[in-house]
Trainee: 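Input: one structure, supplied below.
Each chain gets a letter, A, B and so on, in the order its sequence line appears, and its residues count up from 1. Because the structure is predicted, anything quoted here is derived from the model rather than measured.
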There are 2 protein chains.
Amino acid sequence: MKQFQNEINSLSTSVQAEPAALIMDVIPLIMSYIRSEMRSRRMPGLSIPQFRSLIYLYRHEDASLSQVSEHVGLKLPSTSKMIDALVERKLVIRKTSATDRRFVKLKLSATGEAELAKARRSTETQLAEILSALTPEQQDNIIASLEELRSLFAVKSNRQANTEI
Amino acid sequence: MKQFQNEINSLSTSVQAEPAALIMDVIPLIMSYIRSEMRSRRMPGLSIPQFRSLIYLYRHEDASLSQVSEHVGLKLPSTSKMIDALVERKLVIRKTSATDRRFVKLKLSATGEAELAKARRSTETQLAEILSALTPEQQDNIIASLEELRSLFAVKSNRQANTEI
DNA sequence: TATTGTTATACTCTATAACTATA
DNA sequence: TATAGTTATAGAGTATAACAATA
């Protein structure tokens, strides 16, 4: 029983040396912040997959629905409905491909680009304000760490369909 | 228009120097991994708030429903239903407080503790395997970064109700 | 009256299955 | 036949409002 106790002792949510437990603890916390920011100040009524779709379409004009689906990690029907909402909201333009009429071509509307830019400014301002409590060295550390984590988990998440956010 | 372009140029999801944009990019990615791991190998049918509740109850025996609600960031009715499921699943024991019968006293069952320990081993194994691609220095960097981020966002998320994961 | 928690109800997001249109 | 996408339907998870029980 003593052994068992030791085994689960590092479940502590306040003092952790294990990167794994730390990740399980901190990532949800930050995710929580991102989501609530998104929902309130930023782009009310926009889900995180929708926000990520906009960003993706900013970088990939005329992407297909399947490409967006792949990127945000939703199944095709869910992606279709999600994009529906963006089209209705005039943030995204959906056309049928001329060369292969089975494909959909998606791109940001002018409004979509503007909203996205606004959202980005707002996001960055909020997050930057929070991060300003750190020294430049700490911030550089965080940037390096996140870059490393991204390279690791980008690979992982390609292996299976993911709900992303 | 050139100015506008510059303004949103750092939306790039592949090369970012801004911590804020990086956070928006990487945290959802890792979150995606955590969630899909949770859903598949680990504790099938257990939501992340449920998992976090178990961890919280491991550290805070006889916590009230409100305390759990506060910790996981769900509203009280949602928390009530979520705990319902854990009680039905025999992972959590729910009693009425003897001293103030309005309060609920929640704690892990023996099964709950065992499942949690198992889940933790599984989680740590998977994450540790991923992180093993990094040098010890990089890992230390990540630990330090996450600790810093936690202290920042722990404060933030106390200011408002959060959905956490 | 104030506080703790539950019940009733509705909404959002997601998935699977079945379908349509196009190649 | 195979592929891209949509529609139909259902389930999970959450919120708000109204309520019950206790202090």
Side-chain angles (χ1 to χ4, degrees), chain A residues 28 31-32 35-36 38-40 43-53 57 62-89 92-107 160-165, chain B residues 28 31-32 35-36 38-40 43-53 57 62-89 92-107 160-165:
Chain A
M31 196 61 225
S32 152
R35 184 180 289 111
S36 83
M38 283 286 305
R39 290 267 156 81
S40 57
M43 300 184 86
L46 219 58
S47 70
I48 310 270
Q50 283 176 325
F51 187 69
R52 298 195 72 221
S53 297
L57 291 178
D62 290 340
S64 72
L65 192 68
S66 297
Q67 287 174 320
V68 174
S69 169
E70 171 78 14
H71 177 74
V72 303
L74 299 183
K75 299 300 178 188
L76 214 47
S78 305
T79 309
S80 181
K81 279 186 64 175
M82 178 199 70
I83 294 291
D84 274 353
L86 293 178
V87 171
E88 273 171 32
R89 224 166 138 158
V92 166
I93 297 170
R94 174 172 44 191
K95 289 184 182 172
T96 299
S97 163
T99 53
D100 185 337
R101 293 179 47 74
R102 291 174 301 180
F103 282 80
V104 150
K105 278 171 34 174
L106 299 169
K107 65 174 179 182
Q160 57 210 341
N162 278 302
T163 309
E164 294 289 341
I165 286 193
Chain B
M31 197 60 224
S32 153
R35 184 180 290 111
S36 83
M38 284 286 305
R39 290 267 155 82
S40 56
M43 300 183 88
L46 218 59
S47 70
I48 310 271
Q50 284 176 325
F51 187 70
R52 298 196 71 223
S53 297
L57 291 178
D62 290 339
S64 73
L65 192 69
S66 297
Q67 286 174 320
V68 174
S69 169
E70 170 77 15
H71 177 74
V72 303
L74 299 183
K75 298 300 179 188
L76 214 44
S78 305
T79 309
S80 182
K81 277 185 64 175
M82 177 198 71
I83 293 291
D84 274 353
L86 293 178
V87 170
E88 273 170 34
R89 222 166 138 160
V92 166
I93 297 171
R94 174 171 46 191
K95 289 183 182 172
T96 300
S97 163
T99 53
D100 186 336
R101 294 179 47 74
R102 290 175 301 182
F103 282 80
V104 151
K105 276 171 35 173
L106 299 168
K107 65 174 179 182
Q160 57 211 343
N162 278 301
T163 310
E164 296 288 342
I165 287 193

Trainee: When the distance from CD of A/Glu70 to P of D/dG5 is rounded to whole Å, what number comes out?
Mentor: 12 Å
Trainee: How long is the line joining CG of B/Leu46 and P of D/dA12, in whole Å?
Mentor: 14 Å
Trainee: For nucleotides 16-23 of chain D, just jot down a letter per nucleotide in 5' to 3' order: B, S or -, based on protein non-hydrogen atoms under 4.0 Å.
Mentor: BB----BS
Trainee: Partners of A/Ser80 by side chain to side chain contact (heavy atoms under 4.5 Å, CB included), sequence neighbours excluded?
Mentor: A/Leu65
Trainee: If I take atom CZ in residue A/Phe103 and atom P in nucleotide D/dT6, what distance separates them, rounded to the nearest angstrom?
Mentor: 12 Å
Trainee: Ignoring hydrogens, what is the shortest heavy-atom contact between A/Ser53 and A/Leu86? Give both atom names and the distance.
Mentor: CB-CD1, 4.3 Å
Trainee: Rounded to the Å, how far apart are B/Phe51 CZ and D/dA12 P?
Mentor: 21 Å
Trainee: What nucleic acid atoms does B/Ser64 come within less than 4.0 Å of, heavy atoms only: base, sugar-phosphate, or nothing?
Mentor: sugar-phosphate
Trainee: Could you give the CG-to-P distance, from A/Leu74 to D/dA4, as a whole number of Å?
Mentor: 18 Å
Trainee: Any residue in residues 80-87 of chain A with a heavy atom nearer than 4.0 angstrom to DNA chain C? Just list them by number, or reply none.
Mentor: A/Lys81
Trainee: Think A/Ser66 has a side-chain N or O under 4.0 angstrom from the OP1 or OP2 of D/dG5?
Mentor: yes
Trainee: Measure from CG on A/Leu65 to P on C/dT20 and round the result to the nearest Å.
Mentor: 19 Å
Trainee: Could you state the interatomic distance from CZ (A/Arg52) to CG (A/Leu46), rounded to the nearest 0.5 Å?
Mentor: 13.0 Å
Trainee: Which heavy atom of B/Ala63 sits nearest to which heavy atom of B/Leu57, and what is that distance?
Mentor: CB-CD2, 3.8 Å
Trainee: Please determine whether a side-chain nitrogen of the Lys or Arg among A/Asp62 and A/Lys95 lies less than 4.0 Å from a carboxylate oxygen of the Asp or Glu.
Mentor: no
Trainee: Could you grab the distance from atom CZ of A/Arg94 to atom CD of A/Glu88, nearest 0.5 Å is fine?
Mentor: 8.5 Å
Trainee: If you measure only the distance, is there a donor-acceptor pair under 3.5 Å linking the side chains of B/Thr99 and B/Ser97?
Mentor: yes
Trainee: Which atom names give the shortest non-hydrogen contact between B/Leu74 and B/Ser69, and what distance separates them?
Mentor: O-OG, 2.6 Å
Trainee: Near A/Arg101 CZ, under 6.0 Å, is it more than 12 heavy atoms from other residues, nucleotides or ligands?
Mentor: no
